[in-house]
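Below, all heavy atoms of this structure are taken into account, side chains as well, without hydrogens, waters or symmetry copies. By convention in this document, chain letters (A, B, ...) are assigned in the order of the sequence lines, proteins followed by strands, and residues within each chain are numbered from 1.
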There are 2 protein chains.
Amino acid sequence: MTGTRGYHHGDLRRALLAAAVEAIDEASPTALSLRDLARRAGVSHAAPAHHFGDKAGLLTALAAEGFNLLAEALETADDLLAAGVAYVDFAVRHRAHFEVMFRPELYRADDAELIAARGRSGAALRSGVARLSSDDASADTDRDALAAWSIAHGFATLWLAGALPDRVGTDPHDAARTVLRRLFD
Amino acid sequence: MTGTRGYHHGDLRRALLAAAVEAIDEASPTALSLRDLARRAGVSHAAPAHHFGDKAGLLTALAAEGFNLLAEALETADDLLAAGVAYVDFAVRHRAHFEVMFRPELYRADDAELIAARGRSGAALRSGVARLSSDDASADTDRDALAAWSIAHGFATLWLAGALPDRVGTDPHDAARTVLRRLFD
DNA sequence: GTGGCATCTTGTCAATGGCAAGATAAGATC
DNA sequence: GATCTTATCTTGCCATTGACAAGATGCCAC
């Protein structure tokens with residue numbers, strides 16, 4: 001924790017995570033360099049190792065943070081459409097976290113904290129679907145949740161990859177709403 | 001081209017691409033090493049540079065090959081649901097290609113051959129949607145194409161990332177069909 | 001104030017991507 | 001058939017990186 005007052009830096013762990021987000025925003029998780037993070041934080045090249053062990057450790061922490069942020073975003077959504085839009089919004093606004101979260105080869109997928117955070121996200125998503133389909137006896141909640149997750153995740157991923165045609169526009173929020181309605185209406 | 005008879009190897013370009021697929025299948029595009037590919041092909045560490053310039057050049061070629069393969073897969077699909085399932089099948093069966101294709105930071109997105117191949121894929125997808133909605137005057141083809149692409153892409157991506165719960169099963173073909181029907185019916 | 005501990009630094013190593021310069025063989029031209 | 005040209009591949013090199021080991025530094029409990 002600690003406020004900011006630092007001696008051996010203060011809160012290097014947090015500073016490194018912030019620097020990681022910054023670095024990934026400028027490039028990609030692939031291009032991330034621990035030594036670059038250390039330089040950004042003004043510490044020696046081996047300092048990160050103490051807090052995260054290795055690169056995978058740092059990305060594990062980043063992914064866990066991301067799943068927690070995503071859960072929060074989903075939990076505040078009123079209905080399923082809003083949750084879908086919130087999902088896309090999250091991906092765009094937290095690109096760095098999002099790109100790491102769904103690339104498990106970059107981190108330790110068996111980390112306890114990460115699993116807990118991912119569980120929180122999943123529960124938030126599922127509850128959104130269940131709430132919507134509770135008045136429809138014929139609904140298959142599992143399938144609907146998977147479909148909703150897929151379309152939101154797919155749109156977000158394609159958007160981030162720059163794979164969508166220009167005609168989709170420049171506002172991911174509006175574009176996502178339009179597309180997601182195709183499934184949710 | 002050339003059959004296989006080689007002197008300076010024969011067809012190193014193709015061999016390196018094949019080795020790249022193999023290596024990515026074993027790990028990920030991130031972990032790909034040009035020197036490892038060279039070792040797999042039995043050539044010196046600098047040989048790949050001549051054919052692809054650098055790592056991005058090799059991945060550009062791989063992505064272009066992938067978009068062409070995807071276009072072929074989509075073109076043989078009879079209806080939109082089949083195309084969606086074919087999309088997921090492609091992603092699973094050609095994971096290496098697929099993972100590179102949608103990570104433009106890994107290659108040169110302005111490459112002419114790549115743009116052509118990607119255009120082929122896009123046209124195949126769009127024509128599938130247009131065919132389906134031609135009898136529905138109220139249809140918004142652009143939106144429908146985007147929704148179809150998103151849900152197929154999202155499902156494929158989540159599947160490959162191992163993010164889906166176990167209960168979805170082990171056969172991506174069946175699971176995809178079930179989920180995609182939620183949109184296409 | 002002393003010992004213990006977390007934190008950070010310095011030094012080192014193997015591996016990688018990329019460049020430059022050179023070797024080798026295939027094909028073209030005469 | 002000899003020579004020139006070009007594509008292909010090799011050797012050697014350098015800066016950067018991730019990881020490890022050993023040591024320094026400052027905080028805290030007792």
> What is the distance from CZ of A:Phe52 to P of C:dT7, rounded to the nearest Å?
Replying inline: 11 Å
> To the nearest angstrom, how far is B:Leu16 atom CG from D:dT8 atom P?
Replying inline: 12 Å
> Do the side-chain N or O atoms of B:Ser33 get closer than 4.0 angstrom to the phosphate oxygens (OP1, OP2) of C:dG17?
Replying inline: yes
> Atom CG of A:Asp11 to atom P of C:dT7: distance rounded to whole Å?
Replying inline: 10 Å
> When we call it a touch if two heavy atoms are under 4.0 Å apart, what does A:His45 touch: a base, just sugar-phosphate, or nothing?
Replying inline: base
> Between A:Arg118 and A:Glu65, does at least one N-O distance fall below 4.0 Å, as a salt bridge requires?
Replying inline: no
> How long is the line joining OH of B:Tyr107 and P of C:dG17, in whole Å?
Replying inline: 20 Å
>> Please classify the nucleic acid contact of A:Leu58 as base, sugar-phosphate, or nothing, using heavy-atom distances under 4.0 Å.
In response: nothing
> Could you give the CZ-to-C1' distance, from A:Arg35 to D:dG18, as a whole number of Å?
Replying inline: 7 Å
> Rounded to whole angstrom units, what separation is found between the NZ atom of B:Lys55 and the P atom of D:dT17?
Replying inline: 14 Å
> Separation of A:Leu34 atom CG from D:dA19 atom P, in whole Å?
Replying inline: 6 Å
>> Does B:Ala47 reach a base, just sugar-phosphate, or nothing at all? Heavy atoms under 4.0 Å.
In response: base
> Does a side-chain N-to-carboxylate-O contact under 4.0 Å join B:Arg177 and B:Asp89?
Replying inline: no
> Is any side-chain N or O of B:Ser44 closer than 4.0 Å to OP1 or OP2 of D:dT11?
Replying inline: no
>> Over 60° means perpendicular and under 30° means parallel, so tell me whether B:Phe98 and B:Phe90 are parallel, tilted or perpendicular.
In response: perpendicular
>> Salt bridge or not between B:Arg95 and A:Glu105? Use side-chain N to carboxylate O under 4.0 Å.
In response: no
>> Rounded to whole Å, how long is the line connecting atom NE2 of A:His50 with atom P of C:dT7?
In response: 5 Å
> Is the shortest side-chain N/O distance from A:Arg39 to OP1 or OP2 of D:dT17 below 4.0 Å?
Replying inline: yes
> Under 4.5 Å between any side-chain heavy atoms of A:Val88 and A:Trp159, yes or no?
Replying inline: no
>> Using a 4.0 Å heavy-atom cut-off, does A:Leu32 contact any base of the nucleic acid, only the sugar-phosphate backbone, or nothing at all?
In response: sugar-phosphate
